[in-house]
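Heads up, the thing below is written out as structure tokens.
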Amino acid sequence: MSAILEVKNLEKKFGDFAAVKSINFAVEEGEVFGLLGPNGAGKTTTISMATGVMEPSSGSVHIGNYDIVTDPKEAKRLTGLVPQDLALYPTLSARTNLTFFGKIYGLHGKDLKERVDDVLHIVALTDRADEPIAKYSGGMKRRVNIAAGLVHQPRLLFLDEPTVGVDPQSRNQIFESVMRLNKERGMSIIYTSHYMEEVELLCNRVAIVDEGKIIAIDTIKNLIGMIGGGVVQVGLPFVDRQLLQSLAMLPAVKDACLDAPMSLDVREREALFDAAEGEASAADVFVVKILTKNTQQAIVNVIEYLGENDLSIQSLNILEPNLETVFLHLTGKKLRE
């Protein structure tokens with residue numbers, strides 16, 4: 001398969017602040033590719049540069065064989081963009097809105113009518129097509145927003161947080177539309193979200209984004225496989241290196257470490273560890289993160305070992321393996337903190 005999108009060393013700075021930091025990824029023809037990360041991670045800024053809405057500070061974006069900076073007109077013909085913010089005229093009907101956007105793309109006559117009818121069917125709004133947008137629910141407006149990005153039949157569709165603020169019925173309609181576009185029409189799709197369950201449902205591959213960087217990229221299966229059987233967090237009043245080594249050597253345990261963001265550099269991690277090894281007050285609890293091969297067996301082994309060594313457990317948290325767990329493992333924080 002060939003790549004429909006190639007992003008190389010893409011950066012965006014606003015003064016001294018780097019919103020996107022040397023991002024690299026490619027999307028294959030016919031793929032649903034997810035950008036998963038919390039609000040403010042840099043997903044929308046990346047999409048804005050990839051679609052020509054915002055100029056990069058450095059790096060390149062190629063859509064098909066076209067550079068988005070030097071050949072923007074040709075590159076944009078291949079893409080559809082569904083932004084977070086609604087781009088619709090509220091006093092006009094859905095059909096009139098879509099007809100207007102179709103004309104912008106050079107469609108007219110029979111072709112334009114057929115395309116408008118088709119995208120209304122895709123988003124399941126044919127029966128409400130002639131009502132003013134102002135009368136629509138938030139979810140219905142989102143679906144028209146998606147239809148506007150489809151009216152010119154793009155090869156690559158960018159969906160930026162398309163389900164934010166929508167009702168469950170519209171959310172499911174959006175999911176069905178995305179899956180149908182990909183499976184029945186072979187459309188390549190980039191889907192950004194901070195909802196782990198959406199990305200797990202829809203995407204073939206995922207790039208996990210945090211603080212302007214891609215910190216992991218792979219299939220969902222391989223990303224979840226990074227952490228083995230699961231993660232157990234154990235709160236203890238004291239931690240030293242010998243304890244971690246002993247826990248890591250227990251049966252069914254893959255690794256044990258002081259719980260801290262993977263993004264911290266060596267000196268920052270050492271400072272945290274020095275604090276854990278120092279004299280703790282009664283209120284201090286240090287969390288040890290244990291990656292397991294078999295979660296249930298690992299818990300039994302860990303509890304037995306700590307009991308034999310007179311170490312009291314202050315807290316115990318079991319995390320089942322999913323993308324939320326992977327994000328927590330890589331960053332030390334939850335997706336929606």
Side-chain angles (χ1 to χ4, degrees), residues 4-5 27 29-35 43-54 61 63-64 66 68 72-90 92-108 111-126 128-129 133 136 138-166 170-193 198-199 202-203:
I4 182 66
L5 172 70
V27 177
E29 289 271 15
E31 182 177 26
V32 182
F33 183 89
L35 289 176
K43 304 187 301 295
T44 296
T45 303
T46 298
I47 294 298
S48 297
M49 290 188 286
T51 54
V53 174
M54 185 183 293
V61 176
I63 299 170
Y66 303 108
I68 193 64
K73 188 174 181 180
E74 296 302 324
K76 289 178 182 180
R77 286 184 188 277
L78 302 179
T79 66
L81 171 62
V82 181
Q84 285 189 43
D85 296 326
L86 297 174
L88 303 169
Y89 295 95
L92 303 180
S93 69
R95 190 182 303 279
T96 304
N97 267 278
L98 296 173
T99 299
F100 170 75
F101 288 115
K103 288 181 177 180
I104 290 177
Y105 283 105
L107 297 171
H108 53 82
D111 288 344
L112 174 57
K113 183 181 182 305
E114 288 179 350
R115 288 302 308 141
V116 170
D117 287 343
D118 183 48
V119 296
L120 284 168
H121 173 71
I122 289 171
V123 298
L125 283 173
T126 301
R128 304 285 298 274
I133 294 290
Y136 284 9
M140 292 169 66
K141 291 175 184 177
R142 287 277 176 192
R143 285 148 61 189
V144 180
N145 216 37
I146 291 173
L150 294 170
V151 72
H152 62 299
Q153 291 184 305
R155 284 170 56 190
L156 175 63
L157 180 66
F158 291 86
L159 291 167
D160 191 12
E161 302 273 8
T163 65
V164 171
V166 306
S170 288
R171 193 167 179 249
N172 289 333
Q173 286 281 3
I174 289 170
F175 294 162
E176 290 173 10
S177 297
V178 170
M179 290 186 282
R180 192 160 59 245
L181 287 166
N182 178 248
K183 289 181 170 59
E184 296 179 7
R185 307 197 180 194
M187 188 174 292
S188 307
I189 297 169
I190 295 183
Y191 192 100
T192 82
S193 181
E198 293 186 0
V199 171
L202 299 171
C203 299

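Below, each value reflects all heavy atoms present in this structure, side chains not excepted, and no hydrogens, waters or symmetry copies.
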According to the interplanar angle, ranging from 0 to 90°, do the rings of Y105 and H152 count as parallel (below 30°), tilted (30 to 60°) or perpendicular (above 60°)?
parallel
- Query: Can you check whether R143's main-chain N or O pairs, donor with acceptor, with Y136's side chain at less than 3.5 Å?
  - Reply: no
| message | Set out, in order, the CA-CA distance, both residues' side-chain angles and the distance that settles side chain to side chain contact (heavy atoms under 4.5 Å, CB included) for V144 and V123, then state yes or no. | response | CA-CA 7 Å; V144 180; V123 298; 5.8 Å; no
Here the pair of heavy atoms bringing G149 nearest to P154 is O-CG, 3.4 Å
message: Using side-chain heavy atoms (C-beta onward) and a distance below 4.5 Å, is S188 in contact with F33?
response: no
dist K141:NZ -> N97:CG (nearest 0.5 Å) comes out at 11.0 Å
Sorted by chain and number, sequence neighbours left out, side chain to side chain contact (heavy atoms under 4.5 Å, CB included) with E176 holds for Q173, R180
Rounded to the nearest 0.5 Å, the CD1 atom of I146 sits from the CG atom of L157 at a distance of 8.0 Å
Distance col, row Q84:CD vs R142:CZ, nearest 0.5 angstrom, shows 7.0 Å
With side chains defined as the heavy atoms from C-beta onward, is the minimum distance between V32 and C203 less than 4.5 Å? yes
Could you tell me if the side chain of T96 sits less than 4.5 Å from the side chain of Y89, heavy atoms only?
no
ask   = Is there side-chain contact between I122 and R185, with at least one heavy-atom pair below 4.5 Å?
value = yes
Value for CE (M179) from CD1 (I174), rounded to nearest 0.5 Å, stands at 11.5 Å
message = I'd like to know if the side chain of R115 and the backbone of V151 have a donor-acceptor N/O pair within less than 3.5 Å.
response = yes
Taken in chain and number order and not counting sequence neighbours, the residues that satisfy side chain to side chain contact (heavy atoms under 4.5 Å, CB included) with D117 are R95, K113
Go through L156 and L78 one step at a time and tell me if the side chain to side chain contact (heavy atoms under 4.5 Å, CB included) criterion holds. CA-CA 6 Å; L156 175 63; L78 302 179; 5.8 Å; no
Residues passing the side chain to side chain contact (heavy atoms under 4.5 Å, CB included) test with T51, sequence neighbours excluded, are I47, V53, L81, F158
Taken to the nearest 0.5 Å, the spacing of N182 CG from I189 CD1 works out to 5.0 Å
So CG of L5 and CD of E29: to nearest 0.5 Å the spacing works out to 10.5 Å
Residue pair L159 / S193, side-chain heavy-atom distance below 4.5 Å: no
